[in-house]
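Worksheet for the structure shown next.
Basis for what follows: all heavy atoms, side chains included, without hydrogens, waters or symmetry-related copies.
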Amino acid sequence: MARKVILCRCEDVTAADVAHAVSLGYADVEEVKRYTGFGTGPCQGKECLRGVVAAIAEAAGGVDAKTLAPFTSRPPLVPTELAVLAGAATRASKRK
């Protein structure tokens, strides 16, 4: 019986999802990230990158995982104040 192997717990990306992306021609880590969404959750790929790279290498026919470059990390465009995330009013809006 086949098991669902989850590689990215944040975004629920499975080994089958990665294999499917590679079968469609997405050959590098950045392309697979954009197709599947892995590495875009709270951990930003810190937990799943190694497993996904291994899955890409295996699905690509035994490519050496060391030759696959990691995806590009990008910070948010503008930092978000913790008060905004907590639902509290910001200092600027309190002054008005």
Side-chain angles (χ1 to χ4, degrees):
M1 177 187 222
R3 293 179 19 196
K4 180 178 180 179
V5 178
I6 297 177
L7 298 175
C8 176
R9 291 179 288 170
C10 298
E11 296 298 318
D12 196 31
V13 175
T14 66
D17 296 331
V18 172
H20 180 68
V22 172
S23 74
L24 293 175
Y26 299 109
D28 66 19
V29 177
E30 185 71 35
E31 291 173 338
V32 173
K33 174 189 172 191
R34 290 171 187 245
Y35 183 78
T36 64
F38 95 87
T40 60
C43 83
Q44 292 294 293
K46 291 175 186 74
E47 298 292 324
C48 60
L49 181 60
R50 181 176 290 188
V52 172
V53 167
I56 293 170
E58 182 180 329
V63 172
D64 186 7
K66 293 177 185 175
T67 64
L68 297 172
F71 63 83
T72 305
S73 297
R74 294 179 179 88
L77 293 175
V78 178
T80 304
E81 293 183 28
L82 291 177
V84 172
L85 297 175
T90 61
R91 284 187 239 167
S93 64
K94 287 181 183 178
R95 290 184 209 155
K96 292 180 180 179

Note to self: I'd like to know whether Leu7 forms a side-chain contact (heavy atoms from CB on, under 4.5 Å) with Phe38, so could you lay out the CA-CA distance, the side-chain angles of the two residues, the decisive distance to 0.1 Å, and finally the verdict.
What the structure shows: CA-CA 8 Å; Leu7 298 175; Phe38 95 87; over 6 Å; no
Check: Is the backbone N or O of Glu31 less than 3.5 Å from a side-chain atom of Asp28, with the two atoms forming a donor-acceptor pair by type?
Finding: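 Indeed, once roles are kept as given, a pair shorter than 3.5 Å links the two residues.
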Next item on the list: Specify the closest pair of heavy atoms between Cys8 and Gly39, including all atoms of both residues, with the distance to one decimal.
Entry: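 Scanning both residues completely, I find the closest heavy atoms to be SG-N, 3.8 Å.
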Note to self: Restricting to non-hydrogen atoms, name the atom on Ala57 and the atom on Leu68 that form the minimum distance, rounded to 0.1 Å.
What the structure shows: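 Scanning both residues, the minimum pair turns out to be N-CD1, 4.0 Å.
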Taking the side chain as every heavy atom from C-beta outward, state whether [X] and [Y] have any atom pair closer than 4.5 Å.
X     : Y     : value
Tyr35 : His20 : yes
Pro70 : Leu49 : yes
Ile56 : Val18 : yes

Next item on the list: Take Thr36 and Glu11 through the test side-chain contact (heavy atoms from CB on, under 4.5 Å) and record every step on the way to the result.
Entry: CA-CA 8 Å; Thr36 64; Glu11 296 298 318; over 6 Å; no
Next item on the list: Please indicate whether Leu82 has more than 12 foreign heavy atoms, meaning atoms of other residues, nucleotides or ligands, lying under 6.0 Å from its CG.
Entry: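 Not more than 12 within 6.0 Å, no.
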Check: Would one find more than 12 heavy atoms of other residues, nucleotides or ligands at under 6.0 Å from atom CD of Glu58?
Finding: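 Count not over threshold, so no.
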Next item on the list: For side-chain contact (heavy atoms from CB on, under 4.5 Å), just list the numbers for Asp12 and Lys4, CA-CA rounded to whole Å, side-chain angles, deciding distance to a tenth of an Å, and then say yes or no.
Entry: CA-CA 10 Å; Asp12 196 31; Lys4 180 178 180 179; 3.7 Å; yes
Item checked: side-chain contact (heavy atoms from CB on, under 4.5 Å) assessment of Val53 paired with Val29 -> CA-CA 7 Å; Val53 167; Val29 177; 3.8 Å; yes
